[in-house]
Amino acid sequence: MDSFEQEGNGAALESLPPPPPVPPDVVPIKAESDAKKIVRHPMARRGVGTKGQKVTILTNHFKVSVGSTDGHFYHYSVSLSYEDGRPVDGKGVGRKVIDRLHETYKNDLDGKNFAYDGEKSLFTIGPLPNNKLEFTVVLEDVAPTRNNGNASPDGQDSPNGRERKRLRRPYHSKTFKVEISYAAKIPMQAIQNALRGQESENSQEALRVLDIILRQHAAKQGCLLVRQSFFQDNQNNFTDIGGGVLGCRGFHSSFRATQGGLSLNIDVSTTMIIQPGPVVDFLLANQNARDPYSLDWNKAKRVLKNLRIKVSPSNQEYKITGLSEQLCKDQLFSMKQKNAKNENGEAETLEITIYDYFVNHRNIQLRYSADLPCINVGKPKRPTYIPIELCSLVSLQRYTKALSTFQRASLVEKSRQKPQERMNVLSNVLRTSNYGAEPMLKSCGVNISSNFTQVDGRILPAPRLRVGNGEDFFPRNGRWNFNNKKLVEPSRIERWAVVNFSAPRCDPNNIARDLIRCGEMKGICIDPPFDIFNEMNQNRRLSPVVRVEKMFEQIQSKLPGAPQFLLCLLPDRKNSDLYGPWKRKNLSEYGIVTQCMAPARVNDQYLTNLLLKINAKLGGLNSMLTIEQTPSIPMISKVPTIILGMDVSHGSPGQSDVPSIAAVVSSRQWPLISRYRASVRTQSPKLEMIDSLFKPVSDKGDEGIMREALLDFYTSSGKRKPDQIIIFRDGVSESQFNQVLNKELDQVIEACKFLDENWNPKFVVIVAQKNHHTKFFQQGSPDNVLPGTVIDNKVCHPKNNDFYLCAHAGMIGTTRPTHYHVLLDQVGFSADDLQELVHSLSYVYQRSTTAISVVAPICYAHLAASQLGQFMKFEDASETSSSHGGVTAPGAISVPQLPRLKDNVSSSMFFC
């Protein structure tokens with residue numbers, strides 16, 4: 001009897017006799033464990049798939065040949081300091097210094113070219129004359145001459161002149177000490193080894209050197225660098241997405257080791273930048289304000305901090321440190337008077353306003369700055385103020401905060417390109433990048449083809465789907481609809497009500513009536529609603545949490561018992577601040593299934609889509625794979641198998657203390673693979689590995705995610721334990737594959753052993769990546785590749801088991817394939833069976849009538865994480881700060897826990 005059958009989850013019940021007593025004079029010897037821990041590595045490819053219609057595909061990889069393979073890259077570490085020994089920490093200084101060093105000391109360096117990463121690493125081909133070299137480098141002042149006719153008498157362009165000398169960005173001190181010391185050597189042969197599938201630290205380093213050469217090449221052309229993506233300061237590449245933010249189009253460029261040899265992967269890339277130009281124009285756009293006098297200056301101060309500006313008329317560049325406390329016409333400073341001295345012989349000072357100084361002493365006309373704060377570019381204790389209209393934001397400054405819904409939609413719309421357009425842009429990028437002239441690449445004998453690499457693809461046929469009344473059909477072009485069809489397992493809705501936060505913008509009675517009519521057409525029997533609850537006018541000004549509380553008081557006073565379902569009409573289509581409190585109240589406190597909607601443009605199509613979500617949440621199924629019903633899924637229908645989707649979502653880059661949210665969805669009711677449940681936990685901010693899969697709290701207690709998933713599978717699948725566990729993991733990079741295979745998988749295995757010591761399921765671990773730069777194009781067609789296109793050759797890994805799949809129909813822009821990496825397969829799938837399983841799992845997503853771009857369990861994990869993430873958003877700020885609750889372990893910060901869902905909804909598809 002194992003703990004699937006027990007209340008607890010400890011060991012088996014049979015008790016053993018006690019051990020014999022240890023004699024008093026014996027000191028026990030600690031047993032040496034000779035069982036070395038197994039370290040798992042990603043598996044090698046066992047073969048390639050053959051099913052499907054063969055098709056020739058082009059990809060944005062360009063073949064690279066490397067002439068010299070017998071030399072070495074020499075790696076040197078670089079240390080930069082000022083004359084007085086202080087280390088240089090400013091960004092961007094390093095490249096200027098190393099460029100000057102290279103010019104000045106070319107002969108001392110045997111004429112060697114450098115590949116410098118901008119920080120602490122420098123590479124050469126072959127060694128430098130010595131293992132340790134020291135240089136002194138002088139940089140002239142980087143700004144233009146300051147005295148240009150407009151300057152104040154003492155040559156300074158703003159108040160606090162003597163301070164300005166010290167305040168200039170640190171590298172105005174001109175003289176630098178540079179130490180270059182030998183660190184390692186990397187054989188170029190390592191690149192060839194990688195192509196043969198013999199990856200090593202050396203081969204990764206050698207490819208990193210080639211990538212650093214690309215970065216350096218872009219830096220020399222004045223590009224903004226974001227990892228391996230490069231953005232030029234060219235107005236034609238900018239597009240306004242609102243709020244003072246521009247989308248900036250550039251390109252990604254990196255070397256990849258593939259089955260077909262070394263290739264250069266070039267793709268279009270987009271980042272966000274601050275709108276360059278007058279600071280006031282940026283602030284007006286950022287705050288959507290009518291004029292400078294209605295700006296919120298506290299907000300302005302936050303958004304401007306650390307941005308770089310150019311000041312006219314001197315064209316000098318500074319970093320913003322803050323704003324003046326007072327307006328320009330009122331802000332005083334002490335100006336030294338040149339010819340007036342006091343009795344100590346010191347220059348006398350005169351109290352004068354910033355406005356007066358610029359207008360009367362510098363003769364600079366100010367049109368609107370008098371009544372606005374000044375920009376501070378000084379230190380906190382010694383400010384330096386400049387009128388705002390003389391300040392312009394420098395171009396190519398990244399915007400790293402989270403985008404609003406509207407900005408994101410605008411960015412997506414404006415940055416998408418049809419396949420043919422993208423191909424033309426990429427050919428152009430390769431031509432204008434002129435890598436052939438790059439001296440370091442020349443020295444390596446690198447030659448880059450100008451042709452898109454041709455690969456062999458296959459188009460997998462769509463799986464047959466089953467809907468109501470036993471009807472089967474094949475989706476066409478990755479899509480289908482429910483016209484004249486019933487749902488395969490419709491639910492029945494008896495006790496329900498409508499909650500209206502949106503009045504008076506719609507008529508809830510009409511919506512309820514139309515929903516009942518559409519439901520009937522799809523086979524869902526919906527009784528008339530028990531009641532319609534309109535929010536009282538006096539509650540609308542209250543906080544979202546209180547509005548939800550008041551609504552529930554109304555509901556409880558009228559309804560005889562808990563409803564089965566609540567339809568909630570919200571005022572805003574996206575990001576309503578009522579959404580989080582409403583979901584939390586329903587799911588965590590009452591266990592009520594709820595569907596939110598915004599009643600703008602409601603038609604039958606909209607209501608049918610809404611019913612797909614409602615039906616799935618209430619335990620129904622809209623459509624399923626015919627092979628689930630028969631059941632005849634290769635390797636899965638014969639052996640109890642659980643399918644897991646795992647994902648971790650993080651706060652936006654600017655939020656360092658927002659907990660990350662780990663979500664694991666798991667299949668239930670085997671042999672189905674269309675029904676799932678979700679478990680969600682918070683964890684430390686920005687932690688990518690899931691740490692709560694197994695959480696023993698005592699000898700008999702485990703509060704981990706896996707225990708929940710496994711017990712639910714057991715109870716919903718006729719008391720069967722899964723003998724096969726298939727894990728789909730999203731959002732990890734190649735550098736983290738070993739952690740997924742060892743740390744995360746170990747937790748899953750421990751959770752299984754904790755439930756039953758003798759249970760040894762087989763595992764399959766697959767990572768899905770969408771965040772990569774490989775794209776595919778149909779040869780001789782302007783359209784996207786067809787849904788079901790799979791590629792497992794040429795541009796795939798030289799040794800590891802990976803493939804690309806475009807399961808969905810790319811309607812707009814260029815299809816982004818999902819890159820699946822099979823890290824482990826103890827079940828022994830053939831390439832065809834595994835690719836077909838992944839393809840089929842793109843057709844079981846209950847929210848839409850299309851194949852989706854990544855397997856459904858991963859999509860569901862995203863949805864569950866983001867829905868429960870909304871629970872955190874509206875809580876008191878101190879609650880969500882990760883320092884709340886003090887320190888629990890050395891160095892570990894306590895993270896606020898998510899509220900648990902009520903039992904009656906915890907195993908539902910509440911996230912649909």
Side-chain angles (χ1 to χ4, degrees), residues 218 222-252 267-292 294-296 299-309 320 391-419 421-422 424-426 429 572-577 598 600 649-655 658 770-771 773 775 810-816 853 862 866 869 873:
C223 291
L224 162 68
L225 311 184
V226 183
R227 293 179 294 279
Q228 284 299 128
S229 292
F230 314 130
F231 303 91
Q232 290 170 327
D233 189 3
N234 178 343
Q235 294 286 323
N236 299 335
N237 297 339
F238 300 164
T239 175
D240 188 352
I241 60 167
V245 182
L246 306 182
C248 175
R249 184 177 286 168
F251 66 96
H252 165 95
D267 193 21
V268 175
S269 187
T270 306
T271 192
M272 285 81 67
I273 60 169
I274 295 279
Q275 172 186 310
V279 169
V280 164
D281 291 357
F282 163 70
L283 291 175
L284 291 175
N286 183 250
Q287 298 188 17
N288 197 14
R290 288 187 316 283
D291 56 61
S294 49
L295 286 167
D296 174 340
K299 210 170 175 185
K301 188 174 176 179
R302 283 198 302 276
V303 78
L304 289 176
K305 195 167 171 57
N306 292 330
L307 291 180
R308 298 191 319 279
I309 51 167
I320 298 177
C391 302
S392 271
L393 289 159
V394 173
S395 193
L396 292 185
Q397 300 192 72
R398 276 185 82 196
Y399 179 81
T400 53
K401 297 184 175 61
L403 294 180
S404 71
T405 313
F406 303 109
Q407 285 174 320
R408 191 177 295 110
S410 174
L411 182 66
V412 168
E413 188 188 337
K414 289 176 177 175
S415 56
R416 61 184 178 219
Q417 291 170 311
K418 286 274 178 223
E421 186 192 346
R422 188 173 284 245
N424 295 338
V425 167
L426 296 181
V429 161
D572 309 303
R573 248 189 84 216
K574 296 278 183 195
N575 292 353
S576 168
D577 52 6
S649 68
H650 308 287
S652 60
Q655 306 170 299
V658 172
K770 289 204 65 183
N771 206 0
H773 285 279
K775 300 285 190 301
M811 303 309 289
I812 45 178
T814 305
T815 299
R816 177 182 294 194
S853 62
H862 281 304
S866 69
K873 272 192 184 162

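Everything numeric in this text was worked out from a predicted model, so none of it was measured.
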Q: Give, for atom CG of Leu295 and atom CZ of Arg290, the distance between the pair rounded to the nearest 0.5 Å.
A: 10.5 Å
Q: List the atom of Ala300, the atom of Gln287, and the distance in Å for their closest heavy-atom pair.
A: N-NE2, 3.6 Å
Q: Assess whether atom NZ of Lys301 is packed by more than 12 heavy atoms of other residues, nucleotides or ligands within 6.0 Å.
A: no
Q: Per the ring pair (Phe, Tyr, Trp, His ring centres under 6.0 Å) rule, what does the pair list look like for residues 225-245, sequence neighbours excluded?
A: Phe230-Phe251
Q: Quick one: pull up NZ in Lys775 and OG1 in Thr814 and give me the separation to the nearest 0.5 Å.
A: 7.5 Å
Q: Of the non-hydrogen atoms in Val226 and Thr271, which two are nearest, and what is the gap between them?
A: CG2-OG1, 4.5 Å
Q: Between Arg308 and Ser395, what is the shortest heavy-atom contact and its length?
A: NH2-O, 4.3 Å
Q: Which is it for Leu403 and Ile241 under the side chain to side chain contact (heavy atoms under 4.5 Å, CB included) test, yes or no, and what are the steps along the way?
A: CA-CA 10 Å; Leu403 294 180; Ile241 60 167; 4.1 Å; yes
Q: Could you walk me through whether Val268 and Arg249 satisfy the side chain to side chain contact (heavy atoms under 4.5 Å, CB included) test, starting with their C-alpha distance in whole Å, then the side-chain angles of each, then the deciding distance to 0.1 Å, before giving a yes or no?
A: CA-CA 7 Å; Val268 175; Arg249 184 177 286 168; 3.7 Å; yes
Q: Can any side-chain N or O of Ser269 pair as donor or acceptor with the backbone N or O of Gly250 at less than 3.5 Å?
A: no
Q: May I ask you to check whether over 12 heavy atoms, not counting those of Asp291, lie within 6.0 Å of atom CG?
A: yes
Q: So, for Ala289 and Ser294, which heavy atoms are closest and what is the spacing to 0.1 Å?
A: CB-OG, 4.1 Å
Q: Calculate, to the nearest 0.5 Å, the distance between atoms OG and CG belonging to Ser404 and Leu411 respectively.
A: 10.5 Å
Q: In a check of side chain to side chain contact (heavy atoms under 4.5 Å, CB included) between Gln275 and each of Leu283, Leu393, Asn286, Asp281, which one passes?
A: Asp281
Q: Just verifying a value: how many Å separate Lys401 NZ and Met272 CE, rounded to the nearest 0.5 Å?
A: 11.0 Å
Q: Please report the closest heavy-atom contact between Ile812 and Lys418, naming both atoms and the distance.
A: CA-NZ, 4.2 Å
Q: Would you say that more than 12 heavy atoms from the other residues, nucleotides or ligands in this model lie under 6.0 Å from the CD of Gln232, or not?
A: no
Q: Calculate, to the nearest 0.5 Å, the distance between atoms CZ and CD1 belonging to Arg398 and Ile273 respectively.
A: 11.0 Å
Q: Considering the options Leu246, Asp233, Leu396, which one meets the side chain to side chain contact (heavy atoms under 4.5 Å, CB included) requirement together with Pro276?
A: Leu246
Q: Less than 4.0 Å between a side-chain N and a carboxylate O, is that true for Lys414 and Asp240?
A: no
Q: Output the distance between atom CZ (Arg416) and atom OG1 (Thr270), rounded to the nearest 0.5 Å.
A: 12.5 Å
Q: Taking all atoms of both residues into account, what is the closest heavy-atom pair of Gln407 and Gly243, and its distance?
A: NE2-CA, 3.9 Å
